[in-house]
Number of protein chains: 2
Amino acid sequence: MSSTLPSTSRSLPIALIRAREGVMAPIREMLSETGITEQQWRVLRVLSEHGLLDTTTLAERSSLLFPSLTRIAASMRDKGLITQTRDEIDRRRQLIEITAAGQKIIDDRTSQSIQIVDDIKTKLGTDNYETLLDLLGLLDLNSND
Amino acid sequence: MSSTLPSTSRSLPIALIRAREGVMAPIREMLSETGITEQQWRVLRVLSEHGLLDTTTLAERSSLLFPSLTRIAASMRDKGLITQTRDEIDRRRQLIEITAAGQKIIDDRTSQSIQIVDDIKTKLGTDNYETLLDLLGLLDLNSND
DNA sequence: ATCATTTCCTTAACATGTTAAGTATTGTAA
DNA sequence: TTACAATACTTAACATGTTAAGGAAATGAT
């Protein structure tokens, strides 16, 4: 198909990193006053949306590797943002739930978050925004091609 | 524009992370035998394309933060993949260049890299691939909107 | 010339990414 | 029931991401 590598300025991995920087910059700014990281925000969002989850499912839905989530969950438990309990039926499993304090971090920033998403939609155009999500979905390993 | 946050399954930051996973998986597999990381590969690619570069320009073109590049460059120098020299005119600057050993790592894997890119183009379709790069470019902070 | 500012880079500290090895519990099959 | 395999995590070790502080050289204003 091609006979040469694309210029690094037209490289998909680099484009993905830079796009992520652009998207995350305002979110990070929003979170700077909370003392939580972008990853912890993602965990809170997933827990808020799905309720009680085991660690494996939480890792998958928040796109975090297991060892990262182990550390992040410990840190979030210490901050009182989540609770961890053992599944009494399958004692290997750990069940994680958001606390009121964790939910409040989300609730207090919902309108600001919506504004950030809307700014991106405006920048791209809504059609392009949806197209972009669809194309990115095609690259996802764990999707059904 | 919107009144609710998107579901986390339709979140742009998460979609970007997952797409990156999908794109990088075969590249990581390719690099596993070399002992260099995905970031070091990026540095080699940029240096190979642009020749001698100062650290600031190299960081920008390889999309690495300065402190990361400081560590990565030290490690790559120790491995003999790059050389670091001081700019004699502006002695604050450091000039970095790829070595023959570094270039060989690229040369030995060029066809395999092209194949990986082609696989992605095939998966998306070439038009979609170009569209995706263009849309991602719109999200880049440092681009001229 | 001198001092403050800016630029270019390094170091530090902590969080996460990544791979591999380890532990405890459950499932399975002889 | 016992031994082997699989599952659900945890820990370890090292690399990178991220923010803040620091150091050295150049620039600019006085």
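Proteins get letters first, then strands, A, B, ... in listed order; numbering begins at 1 in each.
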Query raised in the report: Atom CG of A:D87 and atom P of D:dT7: how far apart are they, to the nearest Å?
Result: 17 Å
**Report entry** Donor-acceptor pair between B:Q103 and B:S48 side chains, under 3.5 angstrom
**Finding:** yes
Query raised in the report: How about A:T57 and A:D54: does a side-chain donor come under 3.5 Å of a side-chain acceptor?
Result: yes
Query raised in the report: B:I89 near the nucleic acid: base, sugar-phosphate alone, or nothing, with a heavy-atom cut-off under 4.0 Å?
Result: sugar-phosphate
Query raised in the report: Quick one: does A:L135's side chain get under 4.5 Å of A:T131's, heavy atoms only?
Result: yes
**Report entry** Side-chain heavy-atom pair A:K121, A:D118 within 4.5 angstrom cut-off
**Finding:** yes
**Report entry** Whole angstrom value for the distance that separates P of D:dT16 from CD of B:Q39
**Finding:** 5 Å
Query raised in the report: Within this structure, what is the CD1-to-P distance between B:I36 and C:dT18, rounded to whole angstrom?
Result: 16 Å
Query raised in the report: Roughly how many Å is it from CG in A:L95 to C1' in C:dT25, rounded to a whole number?
Result: 15 Å
Query raised in the report: Does anything in residues 61-82 of chain A reach DNA chain D, meaning a heavy atom under 4.0 Å, and if so which residues?
Result: A:F66, A:P67, A:T70, A:R71
Requested in this report: Could you tell me the separation between the CZ atom of B:R86 and the P atom of C:dT7, rounded to a whole number of Å?
Outcome: 18 Å
Report task. Tell me whether the OP1 or OP2 atom of D:dT10 has a side-chain N or O from A:Q94 closer than 4.0 Å. Result -> yes
**Report entry** Among B:V43, B:T70, B:L58, side-chain contact (heavy atoms from CB on, under 4.5 Å) partner for B:L64
**Finding:** B:V43
Report summary line: Rounding to 0.5 Å, atoms CH2 (B:W41) and CE (B:M30) come to a distance of 4.0 Å
Requested in this report: Counting heavy atoms from C-beta on, name the nucleotide in C:dT19, C:dT26, D:dA24 closest to the side chain of A:R92.
Outcome: C:dT26
Query raised in the report: Does A:R28 have a side-chain nitrogen or oxygen under 4.0 Å from the phosphate oxygens OP1 or OP2 of D:dT18?
Result: yes
Requested in this report: Check whether any side-chain N or O of B:T37 sits under 4.0 Å from OP1 or OP2 of C:dT18, and answer yes or no.
Outcome: no
**Report entry** Among D:dC9, D:dA15, D:dA6, the one nearest A:R93 by side-chain distance
**Finding:** D:dC9
Query raised in the report: How close or far is atom C1' of C:dT18 from atom CD of B:Q40, stated in whole angstroms?
Result: 13 Å
Query raised in the report: CD of B:E38 versus P of D:dT16: gap in Å, rounded?
Result: 10 Å
**Report entry** d(CD1, A:I96; P, D:dA8) in whole Å
**Finding:** 14 Å
Query raised in the report: Can you find a side-chain donor-acceptor pair between A:S75 and A:D78 that sits under 3.5 Å?
Result: no
